[in-house]
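Below: the structure, in C-alpha cells.
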Amino acid sequence: MEKYSPQTIEKKWQEVWAKNDVYRTEKDDSRQKYYALEMFPYPSGNLHMGHVRNYAIGDVVARFKTMTGFNVLHPMGFDSFGMPAENAAIQHGVKPGDWTYANIENMKRQQRQLGLSYDWDREAITCSPDYYRWTQWFFELFYKKGLAYKKGATVNWCDTCGTVLANEQVIDGKCWRCDSEVQKKNLSQWFFKITAYAEELLQDLAKLPGWPERVKIMQENWIGRSEGLEFTLEIPELGEKVAVYTTRPDTAFGVTFLALAAEHPLMEKICAVSDKAEEIKAFCERVKGQSEIERTSGEAEKEGIFTGLYCVNPFNGKQVEIWVTNYVLAEYGTGAVMGVPTEDQRDWLFATKYGIEKILTIQPPEGELRLEDMQAAYVEKNGRLINSGRFDGMEMHKAMGAIMDYAEEQGFGERKVNYRLRDWLISRQRYWGAPIPIIHCPHCGEVLVPEEDLPVLLPEKVNFEQGAVSPLAKCEEFLRVKCPKCGGEAKRETDTMDTFICSSWYFLRYTDPHNDKAPFAKDKAKYWAPVDQYIGGIEHAILHLLYSRFFTKVLRDEGLIDFDEPFTNLLTQGMVIKDGAKMSKSKGNVVSPEDIIEKYGADTARLFILFAAPVERDLEWSDQGVEGAYRFLSRVWRILGQFASAIKNAPTTYDPTTLTGEEKELRRVLHLTIKKVTEDVGERFMFNTAISSIMEMVNAFYLWQDKALNPALAREVAESLLKLLAPFAPHITEELWSNLFGEGSVHRTKWPSYDEASLTQNEIEIVLQINGKVRDKITVPVDLDREAMEKAALAQPKVQALTQGKNILKVIAVPKKLVNIVVK
RNA sequence: GCCGAAGUGGCGGAAUUGGCAGACGCAGCAGACUCAAAAUCUGCCGUAGGCGACUACGUGCCGGUUCGAGUCCGGCCUUCGGCACCA
C-alpha cells in the first residue's frame, strides 16, 4: 500500500472539485436553505492561523449541513478597501488597487490550499466598482431617508493615517490600526444616524437567543440606555437657562454646583460677563487640547474653575455656583451636570478639592450618616430623603418618580431617555474607499449623484504624497464636475466612506452577487438570508456586528428585506495563541499556515486546530499536537488500506444479528460514535470531542487489524468513518472514498444515521458506593430494577465486609448508574 | 471601579441532566520489531504510602446544600477579555 501523501492527494482533489464545480450553489425553493458565513478577511497579504481556524470551523458547519440535506450557501469575499493599501502606495509607490488585488490572489490561493467548500462564483470584493456602486447606492438611500447628514464636529484625528476615526475606533487614545496618539480636530463630517435605531438595536438583542450572552451584554453596554430627568436652571445674570440631565432626580435637593463641559455653548456668554473671562478661556483651551482619553482617564485629576456666576436650583430656589470642569463631556447628555457631592463620588472629590458646600439628602435604611464623618459619597441606592422639602422621609425610589412628576407639573423638566451611543461618523479623508456620491454646487447646494451615474469611480491617476489631505481632494479630474441639477460648474465630495459600511451589507450581496440592476434581488435575499450561522472573532463584537444590525433594520424599513436581524446564530471563536501570547509578527511567534500545509497537508492543519480546543476558547498552538493529528490521519489511511480488498468485495447489506459478540461490540461503538459526532457537530459545536470520539472508534477498529472481521461490517465501519471525518478532513476522506467505493464524492453522500437497536447492551457495569465512596463495581443486566440492584449490591462479599456490624440507614439505587449504601 | 469569561494531571483538554474525576491527544517511561535508528505496534502513566491486593488525599481557596458536588448556593483569591469620570 502506498504511504499517506497529503501533498499529492490534496492538490488532486482541489483540482477535481474546481473542475466539476462541486461547491456551486443555486436557489432552490423546494429545498431548505442554510447560510453558513465566516467573516470575510481584509486582504493583508497572507492568511494567519486565526483565519485558518475561522474557515475550518465554517467549513465543517457547511459540509455537515450539506450532508444532512440542506441547500447550503457558503461564500467568501474580501473586505478590500482600507488604509494598508494606501500606505503601500505612499511607501512603495504601488497602486492601491494593484496591491490589493495581488494580495487577494495570494490569499485565495492559500484558501484553496485549505480545501474549503466555497462557491467562488459568489465572491464579493468590496473595492470592485460592481460592489461599491451599491455601497454608494445605499449611501443615497440613507441620505434620502434623512439618515445621512453632515455636521461640524470635533473629531478624533490620526496624524499618521491622515484621517478621522470614529469614537469606536479609538483604543486607549490611540488609533485602532496604527496605534499612534489620537488628536482633536474640528471638521465638517458625514454621519449616519444610528442613534435613530438605538432603542430597537437594544430591544432586538432579545430576538437573538443564538448569540453568546457576552456579546449581547457588550452591545447593551455600548448602546448605554438610561432613564432620567432633564431639567433647566436659570442663570439670572445672563437671562439664560441651562439644561442638565440626571439619572438621580432623588438627589436634586443636594445640588451645590453646576459643572459645565469646556465646549458648552454658554461659555461665550459667560466669558462676556465674568470678570475671570481670561482665566476661563485659558482653562477651556487647555482642556480642549487634552485628548478625550486624558480627560476621561480614571487616574486624571478632576479640575475646574469657578466662573463667578450662579444659577438657581428650581427645586429649592438655592443659588448654585457655576463651574467649568474637565470631567464633563460635551457629547453626552446636555454637556452640563448637576453637582451633588454627597451622592456622587466624582462630585465628592471635586467639591472636596475646591471647598464647595455639601448637603446630605439621603439617609441609609440603617444607622445615621453625618456629613462630618463621611469620607466618600453615599452611592448606595437605598434610603430615605432628608433636606428635600416636601419629599422628606420618602423612600428614594419613590422619590425619583415623585420628583420627576413635580418637575413636569411645574414645567421646568421632563423625563428623558438617554443613550451612550453616538451617531456613526463615516467620513474618511482617504483615497482607498468608496467615494461619497455627493456633488457640491454653488447654486443648488448638496446634490446626490444621479443613480444612473453610479458608481462614482475612483480616479486612477492620483498622487500619493505623505500628508494629511486626501489624494482625491488634489485630483482636478475627479474634483471638477457639472451639477446634475443646474448643469453649472460644481465640485465632488472628496471624502470616502468608512470601510465598515462596505462590510455592513456584504452578506446580502452574496445572495445575488452578479446583479447589475440592484444590490440584490428581493426573492434571492428572501430565500437565503438571514445568515443562519455567522462565525468570527470576538474583536468584532461591537462595531461590525452593530453596524450590520443597523443596516439590516434600515433596509427592512425600506422594504428591501423582510427580517429584523442579519445573523441568527453567532459563534465567536477564540484567538490562536503561542507561548502564551497572541500570534504576532512583533512577538516573533507566528506559525505560517502555508508552511504547515506544505509539511503535513491541509487536513492535518484543520484537524489539529479543531481538535486542540473548543471553538470559543483560545487555542494554544503546539507543533507536537500537529504531529499527533498527522499520525491519526495516517492511522486511518493504514487501517482502511489494510481492509481495502475485503471491503471492496463485501456485500452492501447484511443482517447485524448474525455478527459475533465482539463484532456486535464494534458495531455498537460505531453507532455510538455516529450519535456522538452528529450531536457534537450539529447541536453543540464541540468539534474537539467529536474528533476524539472518532479517534476512539478508529482505536476500536484497530483491534481487528490482525483478526478476521465480517467484511460487510468492515465496509459499514469504513463508510461511516469516512463520512464522519469528511467535514474535518475533506481530502483524505475523498481519496479513500474513491479508492474503496469508486464513483461519487463522499461530500455528496448522506450523513450516516445510527441504529438505536445496536446501542443497547444486555449488561452494564454499575458502581457500588458506601457513603458516597466507590468500593466495588459489578456487572448487572441493563434493565435491572432498583430493588434487585440493592439486593445484588448487598450480596457482594466486599460490601458485606465493609458494612459488617454497621447500621444501614439508607440505600439509593440509580438504574444503569450506581448503588449507594449509607451506613453508620 | 464596573461588566463578562475562565481556573481540572507535566501540557491541550473531557466529564452534555448533581452519579466511577482525568475520555481523546501531546509529552514521558518500559517492551516488541530492527545490526541499529526512524516509523509502527503493545503496555504503563494524578499525588503520597505499600512488594502487593489496597489505603489516604485530590477539580483555585473557605464554608453550605445533598445519600452523593468539577457541576448547585454563599463568600473570597487569581488570570484573561471588554468598558471605563456616561451624570
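The sequence lines fix the lettering, A, B, ..., with proteins before strands; numbering per chain opens at 1. All values below come from the heavy atoms of this structure, side chains included, with hydrogens, waters and symmetry mates left out.
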When all nucleic acid strands are considered with a 4.0 Å heavy-atom cut-off, which category describes A:Thr247: base, sugar-phosphate, or nothing? sugar-phosphate
Measure from NZ or CZ of A:Arg635 to the centre of the six-membered ring of A:Tyr702 and say whether it is under 6.0 Å with the direction within 45° of the ring axis. yes
B:G10 pairs with which nucleotide, Watson-Crick or G-U wobble, both distances below 3.5 Å? B:C26
Using atom P of each nucleotide, how far apart are B:G7 and B:G13 to the nearest Å? 9 Å
A:Arg286 and A:Glu303: salt bridge (Lys or Arg N to Asp or Glu O under 4.0 Å), yes or no, with the steps? CA-CA 11 Å; A:Arg286 192 161 60 78; A:Glu303 288 182 79; 3.0 Å; yes
Check the distance between B:C26's P and A:Trp621's CH2 and give it to me in whole angstrom. 15 Å
Where the side chain of A:Arg631 is defined as all heavy atoms beyond and including C-beta, which of B:C26, B:C24, B:C86 is the nearest nucleotide? B:C26
Just call it for A:Gly628: base, sugar-phosphate, or nothing, with non-hydrogen atoms closer than 4.0 Å on any strand. sugar-phosphate
Considering only atom C1', compute the distance from B:C51 to B:A32 and round it to an integer number of Å. 27 Å
What is the nucleic acid contact for A:Met686, judged by heavy atoms within less than 4.0 Å: base, sugar-phosphate only, or nothing? sugar-phosphate
Could one point to a donor on the side chain of A:Lys810 or the base of B:C67 with an acceptor on the other under 3.5 Å away? no
Do A:Glu679 and A:Lys675 meet the salt-bridge criterion of a basic N to acidic O distance under 4.0 Å? yes
Atom CG of A:Leu543 and atom P of B:G82 are separated, to the nearest Å, by 12 Å
For the pair made of CE in A:Met695 and P in B:A14, what is the distance, rounded to whole Å? 14 Å
Is a donor-acceptor pair below 3.5 Å formed from side chain A:Lys676 to base B:U16, judging by atom type as modelled? yes
Please measure how far the P atom in B:G19 lies from the corresponding atom in B:G82, and state the result in whole Å. 35 Å
What I'd like to find out is whether the side chain of A:Ile194 reaches to under 4.5 Å of the side chain of A:Tyr547, using heavy atoms alone. yes
Classify A:Asn699 by what it touches in the nucleic acid, base, sugar-phosphate, or nothing, heavy-atom distance under 4.0 Å. sugar-phosphate
For a quick check of understanding: with a heavy-atom distance under 4.0 Å over all strands, which category does A:Lys773 fall into, base, sugar-phosphate or nothing? sugar-phosphate
Suppose we call two aromatic rings close when their centres sit under 6.0 Å apart. Are A:Tyr4 and A:Tyr630 close by that rule? yes
Quick test of your reading of the model: are A:Glu414 and A:Lys416 salt-bridged, counting only N-O distances below 4.0 Å? no
What integer number of Å spans the C1' atoms of B:C80 and B:G43? 40 Å
Could you tell me whether A:Arg225 contacts a base, only the sugar-phosphate backbone, or nothing, with contacts defined as non-hydrogen atoms closer than 4.0 Å? nothing
Using a heavy-atom cut-off of under 4.0 Å over every strand shown, decide if A:Gln769 touches base, sugar-phosphate, or nothing. base
Rounded distance in Å between the P positions of B:C45 and B:A23: 10 Å
Counting only Watson-Crick or G-U wobble pairs whose two distances fall under 3.5 Å, which nucleotide matches B:C20? none
Between B:C26, B:G19, B:G12, which nucleotide has the shortest distance from any of its atoms to the side chain of A:Gln624? B:C26
With both distances under 3.5 Å as the test, what is the Watson-Crick or G-U wobble partner of B:U40? B:A32
Please round to the nearest 0.5 Å and tell me the distance separating atom OG1 of A:Thr251 and atom CD of A:Glu343. 5.5 Å
Assign A:Phe632 to base, sugar-phosphate, or nothing according to its heavy-atom contacts below 4.0 angstrom with the strands shown. nothing
Return whichever of A:Ile691 or A:Met218 has its heavy-atom-nearest nucleotide of RNA chain B closer to the 5' end. A:Ile691
Choose from B:C3, B:A87, B:C20 the nucleotide whose nearest atom is closest to any side-chain atom of A:Ile217. B:C3
Side chain of A:Arg420: nearest nucleotide among B:A87, B:A84, B:A21? B:A84
Between B:U66 and B:G18, how far apart are the two C1' atoms, rounded to whole Å? 9 Å
What's the separation between atom CZ in A:Arg549 and atom CD in A:Gln219, rounded to the nearest 0.5 Å? 5.0 Å
When rounded to whole Å, the CG to P distance for the pair A:Leu329 and B:A84 reads 11 Å
Quantified in whole Å, what is the C1' atom distance between nucleotide B:G74 and nucleotide B:A56? 30 Å
Using atom P of each nucleotide, how far apart are B:A27 and B:U42 to the nearest Å? 16 Å
Tell me the interatomic distance from A:Glu616, atom CD, to B:A6, atom P, rounded to whole angstroms. 10 Å
Return the 5'-most residue of the pair A:Glu627, A:Glu213 with respect to RNA chain B, ranking by each residue's nearest nucleotide. A:Glu213
Can you tell me the Watson-Crick or wobble partner of B:G4, both distances under 3.5 angstrom? B:C80
Base, sugar-phosphate or nothing for A:Asp344? Non-hydrogen atoms, less than 4.0 Å. nothing
